[in-house]
Structure formats: structure tokens, C-alpha cells
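Working notes for the structure below.
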Amino acid sequence: MNDAAPAPTPAPAPRKRARVRAPELIGKGGWINTGGKDLKLADFRGRTLILDFWTFCCINCLHVLDELRELEEKHRDTVVIIGVHSPKFVHEADHRAVVDAVERYGVEHPVLDDPELVTWKQYAVRAWPTLVVIDPEGYVVAQHAGEGHAHALAELVAELEAEHGAKGTLRRGDGPYVPPEPVATHLRFPGKALLLDSGNLLVSDTTRHRLVELEADGETVVRRIGSGERGLVDGPAETARFSEPQGLCALPDGRVVVADTVNHTLRVLDPATGEVSTVAGTGAQWMQGSPTSGPAREVALSSPWDVAWWRDRVWIAMAGVHQLWVYDPAAGTVGIAAGTTNEGLVDGPASEAWFAQPSGLAATPDRLWVADSETSALRWVDPDGRVHTAVGTGLFDFGHRDGAAAQALLQHPLGVTALPDGSVAVCDTYNHALRRYDPAADEVTTVATDLREPSDAVLVGEDLVVVESARHRLTRLRLPEEALQVEAVAHRTQREATEIAPGVLSLDVVFHAPAGQKLDQRYGPSTRLLVSATPPELLADGAGAGTGLARELKLDPAVTEGVLHVSAMAASCDDDPDNEYPACHVHQQDWGVPVRVVEGGASRLPLILAGMDAQ
């Protein structure tokens with residue numbers, strides 16, 4: 001008999017992964033949040049590195065920033081998150097604008113400004129946002145497109161921490177983040193404004209997570225509502241908490257509805273008492289499969305960006321899911337009013353229309369105007385619920401061009417304001433301009449330029465008070481009788497078109513259920529694929545919905561370029577035979593893929609849904 005202690009059970013062998021060396025991080029714009037230091041991949045050896053490819057116009061990218069906060073805090077000594085800013089719009093290639101966005105959205109990690117998409121191309125990124133995981137030895141081990149991957153990332157990080165801790169290749173310590181110096185201003189990246197019955201102005205002080213009431217001069221502070229700390233807390237003005245509030249609108253009883261964007265809720269402020277309460281949303285982000293109507297406090301919302309009172313309801317620009325919703329204060333309910341969750345520009349009945357991050361609303365008796373930011377478009381909804389486009393053509397065309405509405409161009413507008421003569425002022429945010437659309441003449445003119453990222457405007461008498469978000473102030477403008485003329489400019493996104501061969505294109509959406517999960521096939525097919533194109537004539541066959549994630553697309557030989565719109569969904573459940581009620585998860589990703597049809601181009605287009613280990 002052997003009296004020696006039994007040998008310990010060996011640790012499970014680390015999962016085998018492809019050994020793909022991570023390319024160097026290169027960006028002409030340089031580094032932000034590093035105290036002026038340039039960083040290289042070698043600086044992160046011994047840490048798990050997560051690259052977040054994002055652009056600040058993209059609501060899904062902003063969702064991912066929020067998802068990463070808990071992971072960033074929990075593994076601060078072993079994990080380094082690096083933002084790689086990869087612009088879509090021309091304005092987003094401006095280094096000053098990227099620096100502003102990093103502060104505006106509370107990014108507390110280093111950011112590489114890559115205006116020429118050098119690192120984007122090196123890592124073969126196809127969509128915003130994309131997350132790439134690099135292990136402590138400098139090898140790419142996973143890539144995830146889209147949002148909703150916090151749980152999978154947390155599991156992978158813990159696995160890498162244990163594996164490299166055992167190998168001796170893990171290095172703990174402080175990260176390279178250096179916060180910017182605080183700046184003393186009354187407002188910091190304000191979002192929206194509202195004229196109160198008192199004549200004062202209420203402003204959403206977005207980056208400081210509060211509301212500020214100003215006197216009619218737009219400068220003198222009357223009071224602040226909210227503690228200034230990020231959170232979801234009701235109560236008196238001094239202790240209430242918001243998280244990046246944006247839109248404001250008045251109810252008939254004088255109370256104010258607040259779009260509390262990152263809390264995914266609607267709050268109500270009583271101006272008489274300063275009391276704040278929550279009236280809609282659960283505090284969690286709406287995900288596919290969640291209820292889309294019902295009691296307002298029991299239905300999740302997704303990044304409400306603006307609100308407007310129209311036809312006895314509060315209309316909500318639900319930027320996070322590319323829809324318009326309504327909140328009925330009398331009934332205490334919310335529900336979808338227009339949009340399908342598909343991102344794009346499609347007019348027609350409310351249930352069939354597509355939006356792309358609606359971010360500004362303005363109501364008149366016969367129209368609800370919508371600033372549809374990602375399509376650089378001005379849209380409107382009629383009383384019958386039909387959606388129309390006044391200015392704009394789609395996701396990838398933008399610029400600064402006046403004239404007939406059919407040829408006019410905007411660049412990521414965030415605000416729209418109804419004017420007394422029936423026209424509307426548009427805060428053309430990324431053009432730093434105030435534009436005017438006149439429905440009677442069906443034309444666009446420029447009213448003012450050199451406004452730094454205007455995000456909203458309020459009509460006060462014969463003046464417009466404009467929220468200059470990136471100048472942290474309100475600016476008063478007198479509307480001129482004749483518009484200022486500017487040189488016309490047109491752009492397409494820098495993102496390169498994918499070259500595809502004429503004839504038949506094999507579309508393959510690749511999905512592997514995360515570790516510990518399997519496809520949920522208890523009630524039939526657990527996947528869904530929706531395909532369309534701009535222009536629609538690009539596809540001779542293959543458009544529409546189906547359950548398979550692979551499809552043959554027949555291209556029209558007469559159309560040589562366009563955008564393929566692909567929306568894929570898969571459902572997976574925890575793979576535990578002993579659990580009678582396993583948790584289930586919905587994975588969804590939308591792509592807009594610019595394509596150019598050329599001889600010798602690719603005959604297969606692979607897209608990755610959710611996350612899978614690098615192969």
C-alpha cells in the first residue's frame with residue numbers, strides 16, 4: 001500500500017487555437033489618452049489585449065463602449081482595451097473630433113486614431129463595431145463583430161488569464177491609460193435643449209450626466225438637475241442620476257420628458273420641484289426577442305436619443321434599433337410606431353420603413369420631422385403613419401450641397417427644428433452647419449457655418465438658439481432672409497468597396513455557438529437571414545427573408561456597384577442536459593457592405609455572426 005498523497009488532478013489542457021501573429025497598430029492620427037506617448041504591440045506583451053474597432057457616429061459602437069466598462073474595471077491589471085478609431089464620415093477623420101468623441105463618451109482607455117483605416121485593413125475588419133482579442137503572447141485568438149459579446153469576452157479573458165498565469169506569460173500591472181485634464185465649463189458636450197414656460201432654457205449636459213437650466217441669455221446657470229455621476233437614480237435634483245441624457249420635450253402639464261440615452265429609459269422632470277422619476281424602460285437595453293409593447297416600465301428601450309410630443313403621444317427616436325417608438329403617458333404604455341430594426345433608408349408604411357439611427361425629432365400639426373443621422377437624411381412621418389424622405393439617399397452618400405432636395409447632401413444631422421413658415425432648420429452636425437429645408441420650394445439652403453457640431457436648435461422669438469455641442473455652449477442666431485451660399489462638396493465613405501465577380505455570389509454567414517452553448521432547434525429553425533440591396537436592382541434574385549445562413553445571390557449585369565444589406569440572427573441555448581430550463585441567447589448582426597462588380601472579383605462573401613474563435 002502506498003501511503004503517499006494522491007497526485008493532484010492535472011489542469012485541463014488549454015484549448016488549441018490558431019497561432020496568428022497580431023499586426024502592428026498603426027494610425028496616422030496618433031494616440032489619445034496616453035499622455036502623449038506612442039504605443040506599440042510590444043508594450044502590451046503579457047496582457048490580454050482587446051482591440052475595439054469603432055467610429056463615433058455608430059450607435060452600436062457606443063453600445064460596445066458601455067458593454068466593455070465592467071470588463072475593463074474587473075480585469076484592469078491583466079486586460080488592456082485599445083480603441084481603434086476607424087472613420088466612416090469625413091468629419092470623423094478630423095483628429096480634433098476624435099479627441100472630442102473620446103471625452104464625450106467617457107472612453108477610459110487608450111485610443112489609436114486611424115483616419116486612413118490602415119489598422120482596420122491589416123486586421124481584415126468588415127464592420128463597425130468589431131472586437132479582436134490578442135493573447136499575452138501577441139497572437140490573435142478571437143474576433144467578434146457587432147455588439148452583445150460581453151459574456152463571451154468575459155469567459156475568454158478568464159480562460160486566457162488562467163492559461164497564461166500557469167505558463168508564466170501573464171504580466172500584471174497598471175495599464176497605459178492617462179486621463180485628460182478636466183476643463184471648467186458650465187456645459188460639457190451638451191446634447192439637446194428645450195424652451196421652458198418660464199423663458200429659461202433647459203439643456204441636457206450629456207457628458208456630465210445631468211440637466212442644466214439656464215436663463216434666457218443661454219449663459220447664466222439657474223440650477224443643475226442631477227448629481228453629475230453616471231447612474232439611474234430617481235429623486236430630488238441634487239441626488240438624481242442620469243447616464244448621457246439627450247432629448248427633451250414638454251408634456252401638456254408642463255413636466256419634461258428626458259431621453260436618458262445610456263440608461264435606455266425615459267425620465268420625467270417636474271420643473272416646479274426638481275423631482276426626477278422614471279416612466280419608461282427597464283434600465284436594460286432592448287435585444288432581439290424582447291417585448292416591443294406593453295407597460296412602459298416593463299419594456300426595455302434601446303438608446304432613446306430624442307423625444308417629441310405629437311398627436312397626444314411622446315414619440316421616441318430609438319437610435320439603438322433604428323425605429324420610432326411611442327410612449328402614451330395616459331395609458332402608461334410604450335410600443336413601436338415605425339421601423340423594422342433594419343438599418344437603411346426605405347420609405348413607405350410605418351411597419352415596412354427603414355431608419356438609420358434617428359437622432360432628432362420636431363413636430364408640426366401634419367408632420368413629424370426626423371433627422372436620420374446615419375443616412376444623412378431628413379425624413380418625415382405623415383398622420384397616416386407613412387414615412388417619406390425629403391433629403392438624403394442612403395448610408396454611404398453624404399456631403400455639403402445646397403439646391404434641389406433630390407441633389408442636396410447633409411452629413412450626419414442630429415437635430416431638426418420646425419420654423420413658423422413651415423420650413424425646418426437642420427443641425428447638420430458633421431458639416432458644422434445650420435441648414436434649412438423649404439418643403440414649398442423643395443430645396444435646401446445653408447443658413448450658417450462654423451458651428452462646432454451643432455446637435456439641436458430651439459426657436460426663441462425670431463432667433464434660433466443652437467446647441468454647439470463641441471464648443472460646450474449655446475449660440476444665438478438670427479435667421480437671415482437669404483441663405484449663405486457655400487461651395488458644394490460630395491463624399492462617399494472611405495470604407496473600400498468589396499470587389500465581387502459578376503453572375504452569382506455565394507453569401508455565407510458563419511455562426512458558431514459560443515462555448516457551452518448550442519443552436520436552439522427545439523421549435524424549428526433557429527436562424528434567420530434577410531437580404532436586400534441599394535439600389536434594389538443590384539439583386540436579380542436572392543433578396544428577401546429565409547431561415548438558412550447561406551444563400552446564392554444573382555447579380556444584375558446592368559448594375560456595377562451598390563450596397564448589400566444583410567441582417568442575420570441565430571438563437572443558442574446553454575448546452576447543459578441537466579438543466580430543464582437552459583438560458584437562451586439571441587445573436588444578431590446587420591451589415592451594410594459596399595460592393596463593386598468587377599471581373600476577377602470574389603465569388604463568395606463570408607460574414608461572421610456573433611463571435612467565434614479565430615480559425
Report task. Run the salt-bridge test on Lys88 and Glu374 with the 4.0 Å N-O cut-off and return the result as yes or no. Result -> yes
Note, Leu301 side chain near Trp286 side chain (heavy atom, < 4.5 Å):
no
query: Is the shortest heavy-atom distance from the side chain of Asp100 to the side chain of Phe189 under 4.5 Å?
result: yes
Only residue of Arg471, Arg104, His412 satisfying side-chain hydrogen bond (donor to acceptor under 3.5 Å, both in side chains) with Glu453 is Arg104
task: Report yes if the side chains of Tyr430 and Cys57 come closer than 4.5 Å at any heavy-atom pair, otherwise no.
output: yes
- Are Glu116 and Val118 side-chain neighbours, meaning at least one heavy-atom pair lies under 4.5 Å? yes
Glu229 and His209: side chain donor to acceptor below 3.5 Å
no
If you draw a 6.0 Å radius around CD in Glu24, do more than 12 non-hydrogen atoms from other residues or ligands fall strictly inside? yes
Inset, instruction - Kindly assign one of parallel, tilted or perpendicular to the pair Trp120 and Phe53, based on the angle between their ring planes and the thresholds 30° and 60°. - result: perpendicular
So CG of Leu607 and CZ of Arg126: to nearest 0.5 Å the spacing works out to 6.5 Å
With Leu25 as partner, the option from Asp114, Asp43, Leu39, Leu51 fulfilling side chain to side chain contact (heavy atoms under 4.5 Å, CB included) is Leu51
If you take the centroid of each ring, where Trp contributes its six-membered ring, are Tyr105 and Phe56 closer together than 6.0 Å? no
### Task
Answer whether the closest heavy-atom distance between the side chains of Pro502 and Leu555 falls below 4.5 Å.
no
Are any non-hydrogen side-chain atoms of Ser303 and Met318 less than 4.5 angstrom apart? no
When the ring planes of Phe44 and Trp31 are compared, do they come out parallel, tilted or perpendicular, using 30° and 60° as the limits?
tilted
| Just checking, is any N or O donor in the side chain of Thr78 or Arg172 under 3.5 Å from an acceptor N or O on the other one? | no
Is the shortest heavy-atom distance from the side chain of Asp135 to the side chain of Thr48 under 4.5 Å?
no
Quiz item: Would Arg452 and Glu468 pass as an ion pair if we require N to O under 4.0 Å?
Solution: no
When rounded to the nearest 0.5 Å, the distance separating NE2 of His322 from CG of Asn60 is 5.0 Å
**Under 3.5 Å side-chain donor-acceptor pair for Asn342 and Thr340** = yes
Salt-bridge criterion met for Glu103 and Arg188 (N-O under 4.0 Å): yes
Handout entry: Validation row: Val140, Val132 side chains within 4.5 angstrom (heavy atoms)
Key = yes
